[in-house]
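Everything quoted here is computed from the prediction, not taken from an experiment. A, B, ... follow the sequence lines: proteins, then strands. Residue 1 opens every chain.
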There are 4 protein chains.
Amino acid sequence: MRKAPSQSRSKATVEAIVEAATRILSDLGWAGFTTNKVAEAAGVSIGSYYQYFPDKLSLIEAIRQRHLDDCLGTMRTAGEGGKPPAQLVEDLVGSIIAIHSHHPGLHRVLLDEAPSAETFRNPEDAFEKEYLACYRNWVAAYRGSRGGASDEAIAIILSDAIDGVVHNAARRGTLQSSAVKTELIRLVRAYMESS
Amino acid sequence: MRKAPSQSRSKATVEAIVEAATRILSDLGWAGFTTNKVAEAAGVSIGSYYQYFPDKLSLIEAIRQRHLDDCLGTMRTAGEGGKPPAQLVEDLVGSIIAIHSHHPGLHRVLLDEAPSAETFRNPEDAFEKEYLACYRNWVAAYRGSRGGASDEAIAIILSDAIDGVVHNAARRGTLQSSAVKTELIRLVRAYMESS
Amino acid sequence: MRKAPSQSRSKATVEAIVEAATRILSDLGWAGFTTNKVAEAAGVSIGSYYQYFPDKLSLIEAIRQRHLDDCLGTMRTAGEGGKPPAQLVEDLVGSIIAIHSHHPGLHRVLLDEAPSAETFRNPEDAFEKEYLACYRNWVAAYRGSRGGASDEAIAIILSDAIDGVVHNAARRGTLQSSAVKTELIRLVRAYMESS
Amino acid sequence: MRKAPSQSRSKATVEAIVEAATRILSDLGWAGFTTNKVAEAAGVSIGSYYQYFPDKLSLIEAIRQRHLDDCLGTMRTAGEGGKPPAQLVEDLVGSIIAIHSHHPGLHRVLLDEAPSAETFRNPEDAFEKEYLACYRNWVAAYRGSRGGASDEAIAIILSDAIDGVVHNAARRGTLQSSAVKTELIRLVRAYMESS
DNA sequence: GATGAATGAGTATTCATTCAT
DNA sequence: CATGAATGAATACTCATTCAT
């Protein structure tokens with residue numbers, strides 16, 4: 001972002017922009033997503049848009065970031081509190097599905113239409129590092145002292161498999177299907193308990 | 001595609017266009033991918049391009065289709081010939097990894113930058129149907145007569161999980177890592193053998 | 001220029017653009033000079049404009065270049081043919097005044113409003129080098145073997161003084177005044193004949 | 001200017017703005033010269049800027065005016081005190097060169113990039129009138145009662161020739177070269193003493 | 001008087017696509 | 001069939017200027 005909104009007036013402006021953008025992206029897709037249209041929908045002048053966002057991409061990134069923050073928040077809490085492993089899996093899967101259920105249309109656009117920044121799925125990225133660290137802790141807590149591959153290798157495979165199942169279900173609009181949740185849980189448990 | 005290339009000269013033209021497009025997409029990314037540039041790189045006039053492709057999207061789809069055909073081919077053969085289940089998994093995973101290793105740069109672009117047609121991951125799409133059917137057969141062959149979720153539900157989860165692991169590894173450039181293959185095999189086996 | 005106009009159709013296009021630009025610059029000044037307006041006035045689409053000119057500045061440069069070519073042409077011929085010095089001066093001054101009389105409004109805009117390229121009055125520039133060389137020859141032919149400053153130093157002062165007199169007269173619209181010509185000739189002769 | 005700064009605080013504000021503007025123009029050129037940037041560099045809000053300057057052009061004019069005032073000051077004193085003609089020329093040329101040596105980068109921008117007001121080199125303009133009057137007096141004092149063109153015609157030619165030599169030297173960065181000064185003096189003397 | 005958030009008209013430039021030759 | 005000159009709708013982004021606080 002070009003400039004941090006300090007006063008409450010500007011905070012509202014930024015909020016309105018992000019919300020309008022989410023709506024437009026959801027409803028019209030990437031093709032209908034123009035900075036002028038976003039500003040208008042937000043009830044804000046195009047000039048105000050560029051006070052806070054240096055360009056078009058940075059708005060997409062801001063939206064993506066909010067989603068990533070949600071995911072990270074879930075990961076941080078899902079591992080807390082010494083629950084039994086079975087519960088751990090159910091909570092994690094449930095949370096991730098819940099997060100991706102908020103704006104179903106948005107995810108398809110974000111995944112398949114909007115261009116991604118360089119940092120997307122880049123292991124050097126700060127978010128990716130912390131996200132993976134959460135998974136690593138979670139894996140360590142789950143598997144106990146069983147042998148085999150490193151926590152990190154398992155964390156990556158697990159994270160990517162869940163990512164694939166959840167995102168593709170979101171694309172198909174079947175994220176609410178109970179079968180998806182049940183089977184995903186079964187998948188995770190089976191993998192975690194294998195040798 | 002606008003018209004099927006019947007003569008051999010036409011076939012060569014189409015081939016040249018698709019190859020040039022693949023190269024440009026790989027090297028310059030979606031941003032550098034313009035129809036005029038593709039035509040020039042293919043040694044063809046822009047007018048000729050539009051003889052064979054009705055628009056820009058159809059070229060992307062043609063490229064994607066080649067990849068999907070590869071995947072389908074693998075799925076068709078991977079399930080053949082009454083191999084033992086353990087072998088079945090190894091062959092499948094190995095083939096999918098091999099397919100995605102051909103143009104590493106291209107996949108990242110296709111996944112994260114290029115827009116997808118409506119048919120992408122659409123269950124109504126002919127490719128999706130056949131692809132899923134392969135998985136279903138494969139699942140049926142593997143699991144035997146165990147109870148639980150339907151073959152279809154399992155096939156979808158499995159396909160999506162593999163998709164997630166393989167595509168994210170391709171994005172990171174770690175597709176050749178042996179840990180990816182080993183763990184992916186373990187994931188599939190564990191899931192297939194669970195209750 | 002982005003691309004040389006090879007066919008006669010495209011040559012006409014480029015010509016129409018440059019002419020329309022000259023007219024607009026002359027009539028509306030730099031403020032009214034937009035690429036879209038130029039294209040429209042030239043009876044050409046904005047797309048055609050950008051086939052031949054990479055940006056807005058390059059069109060200004062093209063116009064300036066034509067003027068510089070005129071000046072250079074004059075300098076090349078003004079020194080030819082062993083005329084007596086007195087005649088030399090009169091021909092030179094007359095030609096320069098004539099060149100600047102073609103589009104009186106244009107010069108004021110080009111000088112005082114339009115941005116100049118890096119090469120403007122840059123001694124490293126090819127045009128500047130050749131232009132100065134002409135002046136040097138001319139000075140050498142005029143002064144004979146008199147001592148004093150180098151031909152080059154004299155050429156620069158002379159060129160700059162003429163430049164100042166002619167351009168300021170053009171700005172004021174007094175270029176046609178016979179006093180300007182008479183006195184400029186007197187200035188040049190006096191300088192050339194001084195010790 | 002919108003209003004004369006009467007209090008000392010206001011004077012300081014105006015001063016800070018003009019100085020910041022000079023610096024920015026010098027360092028970043030006309031392209032980097034924006035009212036917001038100038039205000040920020042001056043440590044003043046953009047709102048305050050518009051208290052003192054009605055628009056952007058007036059700031060440029062203020063900067064130019066300071067330079068013109070310098071020139072006029074020089075002209076006023078250069079002609080005083082019954083010096084011998086030879087001394088007169090040397091003082092005049094020396095002063096003009098000195099004035100243009102203060103901000104070399106600024107002059108190139110002011111001459112070649114910044115747009116000029118309608119008053120620029122406009123004979124109706126008060127500055128132009130007074131400046132020319134100085135030159136006329138100076139010419140009259142120098143030439144004595146020799147015949148020929150009017151004092152005014154000579155004054156214009158002289159002023160423009162000096163303008164050309166000095167400004168072009170400033171553009172090239174050769175204003176400090178002693179040859180420029182020597183030859184310019186020689187040019188003026190030769191012209192004044194001819195016929 | 002001072003502030004700085006907000007404004008919005010204005011413009012250069014791209015690139016998929018057409019069609020006369 | 002091939003060519004490539006021409007098209008023009010569409011859009012990101014700037015920056016001088018205003019005015020509510």
Side-chain angles (χ1 to χ4, degrees), chain A residues 2-3 5-14 31-40 43-59, chain B residues 3 7 9-10 13 31-40 43-59, chain C residues 2-3 5-14 31-40 43-57 59, chain D residues 3 7 9-10 13 31-40 44-59:
Chain A
R2 185 170 284 190
K3 159 172 144 187
S6 53
Q7 303 182 8
S8 70
R9 185 162 47 137
S10 33
K11 262 193 194 120
T13 298
V14 169
F33 182 79
T34 53
T35 54
N36 284 284
K37 219 182 281 180
V38 166
E40 192 188 9
V44 158
S45 76
I46 183 65
S48 287
Y49 174 94
Y50 281 97
Q51 293 258 337
Y52 301 104
F53 298 91
D55 53 27
K56 190 183 185 178
L57 226 76
S58 65
L59 178 50
Chain B
K3 76 184 172 197
Q7 300 179 12
R9 181 159 54 130
S10 315
T13 300
F33 182 78
T34 66
T35 52
N36 284 281
K37 218 184 283 181
V38 167
E40 192 189 8
V44 164
S45 76
I46 183 66
S48 291
Y49 171 93
Y50 280 93
Q51 294 270 331
Y52 298 106
F53 297 89
D55 53 26
K56 190 184 186 178
L57 209 67
S58 63
L59 178 51
Chain C
R2 185 171 282 189
K3 160 171 143 188
S6 53
Q7 302 181 8
S8 70
R9 185 162 48 136
S10 33
K11 263 196 194 114
T13 299
V14 168
F33 182 79
T34 51
T35 54
N36 285 282
K37 219 181 283 179
V38 166
E40 192 188 11
V44 159
S45 76
I46 183 64
S48 287
Y49 174 93
Y50 281 97
Q51 294 258 338
Y52 301 105
F53 298 90
D55 53 27
K56 189 183 185 176
L57 225 77
L59 179 50
Chain D
K3 76 186 173 198
Q7 300 179 12
R9 183 159 53 130
S10 314
T13 300
F33 182 78
T34 66
T35 53
N36 284 280
K37 217 183 283 181
V38 167
E40 191 189 10
V44 163
S45 76
I46 182 67
S48 291
Y49 172 94
Y50 279 93
Q51 294 270 332
Y52 298 106
F53 297 89
D55 54 26
K56 190 184 186 178
L57 209 67
S58 64
L59 179 50

Original post:
Quick one: stems for DNA chain E, with Watson-Crick or G-U pairs under 3.5 Å, at least three in a row?
Top reply: E:2-21 with F:2-21

Nucleotide nearest [X] when distance is taken to its side chain, options [options]:
X: C/S10; options: F/dT14, F/dA6, E/dT17; answer: F/dA6
X: C/S45; options: F/dA16, F/dG8, F/dA12; answer: F/dG8
X: C/T35; options: E/dT13, F/dA16, F/dC13; answer: E/dT13
X: B/S48; options: F/dA5, E/dA9, F/dT3; answer: F/dT3
X: A/V44; options: E/dT7, E/dA2, F/dG8; answer: E/dT7

Heavy atoms under 4.0 Å, any strand shown: does [X] hit a base, just sugar-phosphate, or nothing?
X: C/K11; value: nothing
X: A/D55; value: sugar-phosphate
X: C/Y52; value: sugar-phosphate
X: A/T34; value: sugar-phosphate

Subject >> First encountered from the 5' end of DNA chain E, between C/P54 and B/N36 >> reply: C/P54

Original post:
Quick one: on DNA chain E, does A/G47 or C/R2 contact a more 5' nucleotide (nearest heavy atom)?
Top reply: A/G47

In whole angstrom, give the distance that lies between atom [atom1] of [X] and atom [atom2] of [N].
X: D/E40; N: F/dT17; atom1: CD; atom2: C1'; answer: 17 Å
X: B/Q51; N: F/dA2; atom1: CD; atom2: P; answer: 6 Å
X: A/R9; N: E/dT7; atom1: CZ; atom2: P; answer: 9 Å
X: C/Y50; N: E/dT13; atom1: OH; atom2: C1'; answer: 5 Å
X: D/L59; N: F/dA16; atom1: CG; atom2: C1'; answer: 12 Å

Original post:
Nearest nucleotide by nearest heavy atom, which residue falls closer to the 5' end of DNA chain F, C/I46 or A/K56?
Top reply: C/I46

Original post:
When the nearest nucleotide of DNA chain F is assigned to A/Y49 and to B/G43 on a heavy-atom basis, which residue is associated with the more 5' position?
Top reply: B/G43

Where the side chain of [X] meets the backbone of [Y], is there a donor-acceptor pair that is under 3.5 Å apart?
X: C/Y50; Y: C/R2; value: no
X: A/Y52; Y: A/S10; value: no
X: C/K56; Y: C/T34; value: no

Original post:
Closest approach of C/S48 and C/T13, non-hydrogen atoms and distance?
Top reply: CB-CG2, 4.4 Å

**OP:** With B/F53 as reference, evaluate B/L59, B/T35, B/V38 under the side-chain contact (heavy atoms from CB on, under 4.5 Å) test and give the passing residue.
**Re:** B/L59

**OP:** Report yes if a side-chain nitrogen or oxygen of A/K37 is closer than 4.0 Å to either non-bridging phosphate oxygen (OP1 or OP2) of F/dT11; otherwise report no.
**Re:** no

Subject >> Reported CD-to-OG distance for the pair C/Q51 and C/S45, which is rounded to 0.5 angstrom >> reply: 8.0 Å

Original post:
For atom CD of A/E40, is the number of surrounding heavy atoms from other residues, nucleotides or ligands below 6.0 Å larger than 12?
Top reply: no

